[in-house]
Amino acid sequence: MKARALFYIYILVSVLPSYGQTEHASYGFKGRVKSVIYYIYQDVNLDKNGNLIDAKIIDAKVQPFIERGMYFDKKGSIDSTIEVLSEGRFYEKYITYHSHIGNKLRSTIKYRYYLNDVIDETKYTWSESNTKCSFKGKGIASFTRGHRIFSYNHRESRGEYIQETKKGELLLKESYKNEFDDNWNLVKTNYTNSEKGDYTILYEYDELDEIGNYTQVKLIYEDSKKLQRFIQKAFTYY
């Protein structure tokens, strides 16, 4: 469940860094972005009109499931990305660091916050054309592998994720394809899942800041119209 949740979120914010384009522009961000903090919630609901329940007081009453910070240098390249996953009865924290080399994601490492022990590490390799990223991960009890395919404008178009036990038993196999609007905002992801079958997630954007970046995103199941995730984003600028 942890890996699956992180997989969903990475699709939403992932991108192929390139040498000829600043990374925050590839994400669709406007202005000279210094940082973006994602507050990702899963224990919130919509009312019958599709409005978020308790949207105004969510920060005070609901613990974020994941908090993800992206930090950019003054040239617009990613300086670092840090992810905090809080779950369990006492909200145990898992920290994930994403390392970038030569403007490309190279590795991630996840460890328990209080015990400081590594529980998962993933390595990434890129094709010569930088249009495909393959990854392999090793955790305490499982292995992960998969790939991501990128479009000409450095947006992630499709991919696959597989998780197995160390004995080779399949835990999760999922493939996906992203769809974008005319402005290259992610609007739909079509999934094929080994457990759940085919399903689709829709993305609804709301609330622009003063620079013109969206600060709220709803992830909604297309068939049931139920909320899967709610994301609040906080931007800072140079």
Side-chain angles (χ1 to χ4, degrees), residues 6-41 44 50-52 55-56 58-59 64-84 96-106 108 124 126 130-131 133 148-159 176-189 201-220 227-238:
L6 293 173
F7 176 53
Y8 287 150
I9 300 308
Y10 196 87
I11 292 173
L12 181 61
V13 300
S14 63
V15 66
L16 172 61
S18 71
Y19 295 96
Q21 182 177 13
T22 59
E23 293 188 28
H24 60 63
S26 297
Y27 280 88
F29 298 151
K30 298 179 180 178
R32 298 185 66 212
V33 176
K34 184 176 182 179
S35 68
V36 187
I37 309 299
Y38 292 75
Y39 300 98
I40 303 164
Y41 301 90
V44 292
N51 298 315
L52 191 70
K56 300 298 182 182
I58 190 170
D59 288 331
F65 177 54
I66 300 173
E67 183 176 324
R68 191 174 203 264
M70 300 173 60
Y71 304 91
F72 297 88
D73 62 23
K74 291 184 178 180
K75 295 181 180 180
S77 297
I78 292 179
D79 180 67
S80 61
T81 306
I82 302 173
E83 211 164 53
V84 180
T96 302
Y97 286 100
H98 302 262
S99 300
H100 297 78
I101 301 175
N103 279 339
K104 291 194 289 288
L105 179 64
R106 291 298 188 183
T108 63
Y124 302 85
W126 296 83
N130 290 335
T131 58
C133 172
R148 303 182 180 110
I149 305 296
F150 297 87
S151 59
Y152 74 94
N153 66 339
H154 317 297
R155 298 304 300 274
E156 186 174 345
S157 60
R158 54 191 168 87
Y176 61 94
K177 183 177 181 180
N178 289 329
E179 296 184 18
F180 302 86
D181 63 16
D182 293 339
N183 295 316
W184 285 97
N185 292 310
L186 179 59
V187 295
K188 180 186 290 189
T189 302
I201 297 294
L202 305 177
Y203 304 86
E204 294 186 3
Y205 299 87
D206 196 12
E207 301 291 336
L208 291 169
D209 68 7
E210 67 277 6
I211 305 299
N213 288 309
Y214 284 107
T215 60
Q216 293 187 4
V217 188
K218 298 174 186 175
L219 282 65
I220 299 172
L227 188 69
Q228 184 209 36
R229 297 282 189 272
F230 173 70
I231 300 174
Q232 288 184 323
K233 294 185 286 182
F235 289 82
T236 63
Y237 301 92
Y238 285 104

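This structure is a prediction, so every number in the text was calculated from the model and none was measured.
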Legend entry - OH on Y214 to CG on L208, rounded to 0.5 Å: 5.0 Å
Inset, instruction - Supply the atom-to-atom distance D73 CG to K34 NZ, rounded to the nearest 0.5 angstrom. - result: 11.5 Å
Inset, instruction - Nearest 0.5 Å please: distance from the OH atom of Y41 over to the CD atom of Q232. - result: 5.0 Å
Inset, instruction - Please work out which of the three classes, parallel, tilted or perpendicular, describes the rings of F235 and F29, given edges at 30° and 60°. - result: perpendicular
Inset, instruction - Measure across K188 and Y203 and return the closest heavy-atom pair with its distance rounded to 0.1 Å. - result: N-CD1, 3.5 Å
Legend entry - Minimum heavy-atom distance between W126 and L105, given as atom pair plus value: NE1-O, 2.8 Å
Inset, instruction - With K218 as reference, evaluate D206, L227, I201, L202 under the side chain to side chain contact (heavy atoms under 4.5 Å, CB included) test and give the passing residue. - result: L227
Legend entry - Distance-minimising heavy-atom pair for S157 and S151: OG-N, 4.2 Å
Inset, instruction - Spell out, as yes or no, whether a donor-acceptor pair under 3.5 Å connects the side chain of Y238 to the backbone of F72. - result: yes
Inset, instruction - Applying side-chain hydrogen bond (donor to acceptor under 3.5 Å, both in side chains), name anything that partners D181, two or more places apart in sequence or on another chain. - result: N185
Legend entry - Smallest separation among heavy atoms of K233 and V217, with atom names: CE-CG2, 4.1 Å
Inset, instruction - Output the distance between atom CZ (R155) and atom CZ (F150), rounded to the nearest 0.5 Å. - result: 10.5 Å
Inset, instruction - Supply the atom-to-atom distance D209 CG to T236 OG1, rounded to the nearest 0.5 angstrom. - result: 10.5 Å
Legend entry - Verdict with reasoning, Y71 to I37, per side-chain contact (heavy atoms from CB on, under 4.5 Å): CA-CA 9 Å; Y71 304 91; I37 309 299; 3.6 Å; yes
Legend entry - Heavy-atom closest contact (T189 atom, L186 atom, distance): OG1-CD1, 4.0 Å
Legend entry - Partner set under side-chain hydrogen bond (donor to acceptor under 3.5 Å, both in side chains) for T215, not counting sequence neighbours: none
Legend entry - side-chain contact (heavy atoms from CB on, under 4.5 Å) evaluation trace for L219 with F230: CA-CA 6 Å; L219 282 65; F230 173 70; over 6 Å; no
